[in-house]
Amino acid sequence: RDYVRTFDPGFVDALEDTTIDTDWQDEVFRLAPVMNHEISISGGNEKTHIFSSGGYFDQKGIVLGSRFRKYSGRINVDHKISDKLNISLKSGNTYSVNDRIVGDQEIHTVLPNAISKPPIYAVTDDLGNYLEEGFWANPVAIANEVTNEALSLRNISSLDISYNIIPGLTLKNQTGFDFYNLIERRYEPTTVRRGAASNGISVDARASVMRFMQTSTLDYKFNLGGDH
């Protein structure tokens with residue numbers, strides 16, 4: 001008791017007087033269901049074939065405040081314009097939202113505080129406001145109030161064109177496009193300890209990458225004879 005009083009004088013007195021018994025790890029850990037939906041449609045005729053698909057994936061993390069969602073879509077179109085000319089278009093899109101929590105390399109995050117914070121402190125007051133008592137921050141407030149997300153959008157598309165110049169001689173051209181956009185956002189409001197100390201903390205980072213690819217090939221197929 002004397003040792004504890006040297007760095008937290010009120011802890012021992014509070015331990016003797018309080019009826020609060022907060023299980024902080026139970027407050028921040030949860031069941032993590034996974035939901036996945038996919039649908040696809042295809043059809044066409046003698047000249048055209050179309051395939052389209054879409055998907056939605058949603059997984060919550062076992063730690064409060066973590067979640068990953070992904071939306072995806074794809075379309076493929078193959079069309080025979082004539083006996084000599086064929087085109088093929090393929091396009092795939094994905095958009096994801098990754099709600100993250102900072103790992104234990106920082107003190108002001110969910111798990112270190114949930115493991116270390118004594119059970120004598122309550123999560124909220126009678127009005128539902130988060131309490132910040134003692135040395136360790138309120139991990140439930142951090143999990144629910146802090147925004148730490150990564151938003152990504154990616155599109156990969158290609159257009160293939162093939163033309164039969166003469167029997168056995170085919171010109172093929174492929175054009176590809178790859179676009180990737182990433183946005184990372186972090187915001188700590190004044191309802192959490194570190195955010196209150198700085199009147200709010202905000203970080204916004206963005207990056208985009210675009211790549212183009214184009215190839216052309218000329219194929220010639222012929223028969224040298226039955227003996228070759």
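Computed over heavy atoms, backbone and side chain alike; hydrogens, waters and symmetry mates excluded.
- For Asn138 against Glu132, the heavy-atom pair with the smallest separation is N-OE1, 3.0 Å.
- Under a hydrophobic-cluster definition in which Ile, Leu, Val, Met, Phe, Trp and Tyr are linked whenever side-chain heavy atoms come within less than 4.5 Å, directly or via other members, Tyr56 and Phe68 are assigned to different clusters.
- Pairing each heavy atom of Val123 with each of Glu27, the nearest pair is CG2-CD, 4.0 Å.
- Atom CD of Glu149 is separated from atom OG of Ser66 by 13.5 Å, given to the nearest 0.5 angstrom.
- Annotation for Ile183 and Asn181: closest pair CG1-OD1, 3.8 Å, computed over non-hydrogen atoms.
- Among all heavy-atom pairs drawn from Leu64 and Val110, the shortest one is O-CG2, 4.5 Å.
- Taking the ring-ring contact (aromatic ring centres under 6.0 Å, His included) definition, one finds that Phe177 meets it with Phe212, sequence neighbours left out.
- Side-chain contact between Tyr130 and Asn144 is present, with heavy atoms from C-beta onward closer than 4.5 Å.
- Follow the hydrophobic side-chain contacts under 4.5 Å out from Phe29 and you reach Ile101 in the same cluster.
- Between Pro119 and Asp21, some side-chain heavy-atom pair lies under the 4.5 Å cut-off.
- In this structure, OG on Ser216 lies 9.5 Å from CD on Gln174, to the nearest 0.5 angstrom.
- Ion pairing between Asp160 and Lys172 fails under the 4.0 Å rule for side-chain N and carboxylate O.
- Met35 and Ile39 are not part of a single hydrophobic cluster, where members link through side-chain heavy atoms under 4.5 Å apart.
- Of all the heavy atoms in Trp136 and Arg193, the pair that sits closest is O-NH2, 3.4 Å.
- At a threshold of 4.5 Å between non-hydrogen side-chain atoms, the residues Phe51 and Ser40 count as touching.
- Rounding to the nearest 0.5 angstrom, the gap separating the CZ atom in Phe57 from the CD atom in Glu38 is 10.0 Å.
- Here the side chains of Ile165 and Leu218 are in contact, with some heavy-atom distance below 4.5 Å.
- Hydrophobic cluster membership of Tyr180, counting Ile, Leu, Val, Met, Phe, Trp and Tyr whose side-chain heavy atoms lie under 4.5 Å apart directly or via other members: Leu182.
- Taken from CZ in Phe135 to OG in Ser116, the straight-line distance is 9.0 Å, to the nearest 0.5 Å.
- A distance of 5.0 Å separates OG1 in Thr175 from CD in Gln214, rounded to the nearest 0.5 Å.
- With hydrophobic clusters built from ILVMFWY side chains whose heavy atoms lie under 4.5 angstrom apart, Ile41 does not share a cluster with Ile50.
- Between Asp204 and Arg206, at least one side-chain N (NZ, or NE/NH1/NH2) sits under 4.0 Å from a carboxylate O, which counts as a salt bridge.
- With hydrogens and angles ignored, the 3.5 Å screen pairs no side-chain donor or acceptor of Ser198 with any backbone N or O of Gly200.
- Annotation: cation-pi pair Lys117/Tyr121 present, NZ/CZ under 6.0 Å from the ring centroid and within 45° of its normal.
- Ile156 is not connected to Ile75 by any chain of hydrophobic side-chain contacts under 4.5 Å among Ile, Leu, Val, Met, Phe, Trp and Tyr, and they are in different clusters.
- With a 4.5 Å cut-off on side-chain heavy atoms, Arg185 and Leu151 count as touching.
- For Arg100 and Glu184, the salt-bridge test passes: some basic side-chain N is under 4.0 Å from an acidic carboxylate O.
- Put simply, the side chain of Trp24 never gets that close to the backbone of Asn113: no donor and acceptor are under 3.5 Å apart.
- Contact of the His108 side chain with the Ile142 side chain is registered, since non-hydrogen atoms from C-beta on lie closer than 4.5 Å.
- Salt bridge annotation for Asp178-Arg154: present, with a cationic side-chain nitrogen under 4.0 angstrom from a carboxylate oxygen.
- Side chains of Lys90 and Ser88: a donor on one and an acceptor on the other come within 3.5 Å.
- Each of Thr217, Asn164, Asn86 was checked for a side-chain hydrogen bond (donor to acceptor under 3.5 Å, both in side chains) with Thr170, and the lone residue meeting it is Asn164.
- With values rounded to the nearest 0.5 angstrom, Tyr95 atom OH is found 8.0 Å from Leu153 atom CG.
- A salt bridge is absent between Asp58 and Lys70: the closest approach of a Lys/Arg side-chain nitrogen to an acidic carboxylate oxygen does not fall below 4.0 angstrom.
- Between Arg69 and Asp99 a salt bridge is recorded (basic side-chain N to carboxylate O distance below 4.0 Å).
- The 12-atom threshold is not exceeded at NZ of Lys47, counting heavy atoms of other residues, nucleotides or ligands nearer than 6.0 Å.
- For Met213, the CE atom sits in a packed shell: over 12 heavy atoms of surrounding residues, nucleotides or ligands are nearer than 6.0 Å.
- The heavy-atom pair separating Asn155 from Ser91 by the smallest distance is ND2-OG, 3.3 Å.
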